[in-house]
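In what follows, a structure is listed as structure tokens, so that the remarks can point back to it.
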Amino acid sequence: MEKEVFIPLDYDYIDINDSAVIRIWGKTKDGRRICVIDETDAYFWLIPKAKTDLKKYAEKVKKIQLKHAGRLARVLDAKIKEKNFLGEKIEALQVFVSNPKDISAIKDIAKEFPETEGKKETDINFVTRYIIDKKVEPLEFYVVEGKKYEKEELKALKWNYDVDIVIKAEKISPIQEKEFSPKVLAFDIETDEFEIGKGHILMLSLANKQVQKVITWKKFANAPKEVEFVKNEEELIKRFVEFVKEYKPDMLAGYFSDAFDLPYLRMRADEYHINLNLGLDGSNVTFIRGAIPSSEIRGLVHIDLYKFINNIFAYTLQSETISLNDVAKELIGDKKLEIDLNKITKELKETKGELKEAELRRFALYNLQDSILTSKLFEKLWPNIAELSKVVKEPLFETSRATYSNLVEHNIIHNLGRFDEIIQSRPKFDQINERKMRPKYTGAFVKEPIPGLYENIGVFDFRSFYPNIIVSFNIADYTIHERKEKNSLEVPEFEFEGKKRKFYFSKDKAFIPQILQELLEKRKQTKAEMKKNYSSALEAKDYALKTLANATYGYFGFFGARYYSLECAAAIAAIARHYIHKTIEDIEKQGFKVMYADTDSVMFILGKKSENNALELLKKINDSLPGTMELELENFYKRGLFVMKRTGELGAKKKYALMDEKGNIKIRGFESVRRDRCDLAKDTQDVVLKKVLEDKSEEALKYVQKIVKELREKKVPNDQLIIKTQLKKEIEAYENIGPHVVVAKRMRELGLPIKEGALIEYVIAKGNEKLIRERAKLPEEVKAGDYDIDYYINNQVLPAVESIFSVFKISVEDLKGKKQKQLKDF
DNA sequence: GATCCGAATATACC
DNA sequence: ACCGGTATATTCGGATC
């Protein structure tokens, strides 16, 4: 018996003699590549109808067999087992089958049996099944004991694996080991045509901390040392494959590489009949279809950072877009090399592929820089991806491409074993459509603020409000009762689907609240550890736990969820409304004036009371809260500003600015934090807000008057006037043609690649056309000073500051600077 | 042809 | 299609006078 300590990085399964075996691709402690071969049962569950003779049923099921996919698909065994399913104890049939790929065909036969009530877990991926049942989880260290395959055996099996060890596992046991740091190559290609299948790959770059390389067949003099020339595109692809094989990375990282770099490489490789056999088993790059396809390399984890950022991480970013450039700027303080890619593409077309040497040199450096950025981004995001993968126990490939609902669901699924719970099925197409049709339920409460500038403000908020409600009220689909039972938790009455409803939740802990509670406890531990001994891995772990906890409420209301329950989502929101209202009352009863509240937070004026008085009240409120619910002090603020809505006489919700004791300013909802306003309007509003909070309103007024004057005098540079609006759908799909749609059309005419999702930039130029969109132009089409003065004064700058000044009863006319009024005139 | 108002749209908050 | 509802503001586009 031989032993190795290893860490799983990737999983897949293959057939040996018609039955499936798992391959775990990983790394040994000392850095050798290993492929661990292991087995696990392929099975699903049959739920029998009431009063079924289970033994007879089992015998009948055992006899199922059919020809399927060129082999005999058959049931190996059917065991009667006591299981839990959504709060019920049931007897179910565990149906073991010859191959996981046969489950679908076998269940089709079994579901026609009159005894069959339903089938479950037919939609569990075999790798997920393996991880659940064998508990060999990604990125944890294990000792594998077993027999290593000899060279001759591998040859006989035709397993020409690019690994150091192939071992047949007999026992795999967990072991404590230090952090793992993967060997990663970031890569990026440059082409002469953006569309896959049309053009050629001109260059390809690879980078990490040690490696910086550009491979190209476009020759030029005085090439930087990183550049390696090859004869042609075919050689470029071959050299790439050769380099990766020699370098032996654990992972390849790209940016949008799922849908661009790898499909492009594969397409070109196919053209030359080159096998892009990067897979550790010698397999080609494969594609998994989806809204954006995924590109997979067996055993060599391919991570598309764009997908991770797009699906998960973008919500924590400030960047206006999630382009490589914007994200790199924000996360690693580095940016792309500036070149005019459109110009280069155009020149390449016009000159039949010839570029000036200087241009090529710069193009190569640009290509390299993209890989360097991707590599640095990987370093930055790796802890987050790794911790998420460890928490939800799904392989890196899946986790790095997961959406919030995927993560929540995987976390649930991987924890159900200890509850002896059969996994609920994914909803079918019709079910999804039904769910989509259901009306929305009432969500959070937002209190209307009274506009004004306030002093000495306290802000309380509930710690992880919704997750703690789910835990404290034991909320799950099957703990809901419409009638009070003994030991049930009462939820305040609320309206749901047009009717007054009252729900009760039983106290027997359901698995989702239980799993969530554990998640919250783990997070508490992580936070405590972090305080003692900070590390970026701990912070990433905290991020992973927080992400999962916060997405659970939304998961209940998501139509694609296995554990969908709109009633639960509505009940959670109703409980939240109840407690925020109660908190407002409690605070007001103590003599504080509450001027604003949104979902889980309350803002109040201290008035004659002290911060200590507020903290005493906080303690008192906490003593009255059920379960794990807790109200926290968010902060005390020196000043706060609330404004009126533009239409009507009401205070504007979700719009405020606060300044703490240190002078730090927190702005929410105002135009200055929105990307669809021009910088001039945003910056002006920012200055005004700051000055107002610093009690320098007169300076603010003068500042606006100065800006308006500059606008009138055509002194404002165009880049301050660019408005950015995202094209959210296909150009043709718009019913209302807004300015950005017109500009997108224009860009398309100019041959610029415009797709939905693009951030369209435009300037409103001077002109007599009535509609704004008729004056919307591409920034480069507007000469300096040729902007529409009135538009920028009346539609951009003034609306952004008007509501702020109206708090001080200063009108638009004053802002325009005609009357030159001073604040003290009022 | 000016004006009013609702729908469509984009984006933010929690 | 890929977690939820609440909310504001802007522009269009049709109805109305």
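Protein chains get the first letters and strands the later ones, always in sequence-line order, with residue 1 at the start of each. All heavy atoms count here, side chains included; hydrogens, waters and symmetry mates do not.
With hydrogens and angles ignored, a donor-acceptor pair under 3.5 angstrom links the side chain of A/Arg674 to the base of B/dT11.
Using a 4.0 Å heavy-atom distance criterion, A/Leu407 is classed as making no nucleic acid contact. Residue contacts shown for A/Gly560 are absent, as no nucleic acid heavy atom lies under 4.0 Å away. In this structure, A/Thr442 reaches the sugar-phosphate backbone alone: every heavy-atom distance under 4.0 Å involves primed, P, OP1 or OP2 atoms, never a base. A/Ile432 comes within contact range of no nucleotide atom at all, as no heavy-atom separation falls under 4.0 Å. Residue-level contact check: A/Lys729 touches the backbone only, with heavy atoms under 4.0 Å from sugar-phosphate atoms and none from bases. At the heavy-atom level, A/Ala551 lies under 4.0 Å from base atoms of the strands shown. At a threshold of 4.0 angstrom between heavy atoms, the contacts of A/Tyr441 are confined to the sugar-phosphate backbone, with no base atom among them. At a threshold of 4.0 angstrom between heavy atoms, the contacts of A/Val673 are confined to the sugar-phosphate backbone, with no base atom among them. Within 4.0 Å of A/Tyr596, counting heavy atoms only, lies no atom of the nucleic acid at all. Using a 4.0 Å heavy-atom criterion, one finds that A/Arg677 contacts the sugar-phosphate atoms exclusively. Residue-level contact check: A/Ala561 touches neither bases nor backbone, having no heavy atom under 4.0 Å from any strand. Using a 4.0 Å heavy-atom criterion, one finds that A/Asp600 contacts the sugar-phosphate atoms exclusively. At a threshold of 4.0 angstrom between heavy atoms, the contacts of A/Gly557 are confined to the sugar-phosphate backbone, with no base atom among them. Residue-level contact check: A/Asp461 touches neither bases nor backbone, having no heavy atom under 4.0 Å from any strand.
Listed nucleotides B/dT11, B/dA8, B/dC14 differ in distance to A/Lys654; the shortest reach to its side chain belongs to B/dC14.
Taking atom CD1 of A/Ile667 as the reference point, atom P of B/dC14 lies 13 Å away to the nearest angstrom. Atoms NZ (A/Lys546) and C1' (B/dC14) sit 12 Å apart, rounded to a whole Å. Spacing between atom NZ of A/Lys653 and atom P of B/dC14 amounts to 14 Å, rounded to whole angstrom units. A/Phe445 has its CZ atom 15 Å from the C1' atom of B/dC13, to the nearest Å. Taking atom OH of residue A/Tyr656 and atom P of nucleotide B/dC13, one finds them 8 Å apart after rounding to whole Å. What separates CD of A/Gln726 from P of B/dT11 is a distance of 5 Å, to the nearest Å. One atom, CG of A/Leu658, and another, C1' of B/dC13, lie 13 Å apart when rounded to the nearest Å. Rounded to whole angstrom, the span from the CG atom of A/Asn736 across to the C1' atom of B/dT9 amounts to 7 Å.
The ring of A/Phe445 has its center no closer than 6.0 angstrom to the ring center of A/His578. Between A/Phe642 and A/Tyr656, the gap from one ring centroid to the other is short of 6.0 Å.
The footprint of chain A on DNA chain C, defined by a heavy-atom cutoff below 4.0 Å, extends from C/dA1 to C/dG13.
Between the side chains of A/Tyr255 and A/Ser323, no donor N or O sits under 3.5 Å from an acceptor N or O. A/Thr479 and A/Asn474 share no side-chain donor-acceptor pair at under 3.5 Å.
The phosphate of B/dA10 (OP1 or OP2) has a side-chain N or O of A/Tyr734 nearer than 4.0 angstrom. The shortest distance between the side-chain N/O atoms of A/Arg675 and the OP1/OP2 oxygens of B/dA12 is not below 4.0 Å. A close approach under 4.0 Å does not occur between any side-chain nitrogen or oxygen of A/Lys724 and OP1 or OP2 of B/dT11.
Results of the side chain to side chain donor-acceptor pair (under 3.5 Å) test with A/His302 over A/Ser295, A/Ser294, A/Ser400, A/Ser257 single out A/Ser257 as the only residue that passes.
Summarising the local packing, NZ of A/Lys546 is surrounded by 12 or fewer heavy atoms from other residues, nucleotides or ligands at distances under 6.0 Å. Annotation: A/Lys770, atom NZ; neighbour count of heavy atoms from other residues, nucleotides and ligands within 6.0 Å does not exceed 12.
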Show me the side-chain donor-acceptor pairs of residues 557-566 of chain A shorter than 3.5 Å, one per line, residues at least two apart or across chains.
from	atom 1	to	atom 2	distance (Å)
A/Arg562	NE	A/Glu409	OE2	3.2
A/Arg562	NH1	A/Asp123	OD1	3.0
A/Arg562	NH1	A/Asp123	OD2	3.4
A/Arg562	NH1	A/Gln424	O	2.8
A/Arg562	NH2	A/Asp123	O	3.4
A/Tyr563	OH	A/Gln424	N	3.0
A/Ser565	OG	A/Cys568	N	3.1

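A/Leu631 has its side chain within reach of A/Leu618: a pair of non-hydrogen atoms, C-beta onward, lies under 4.5 Å apart.
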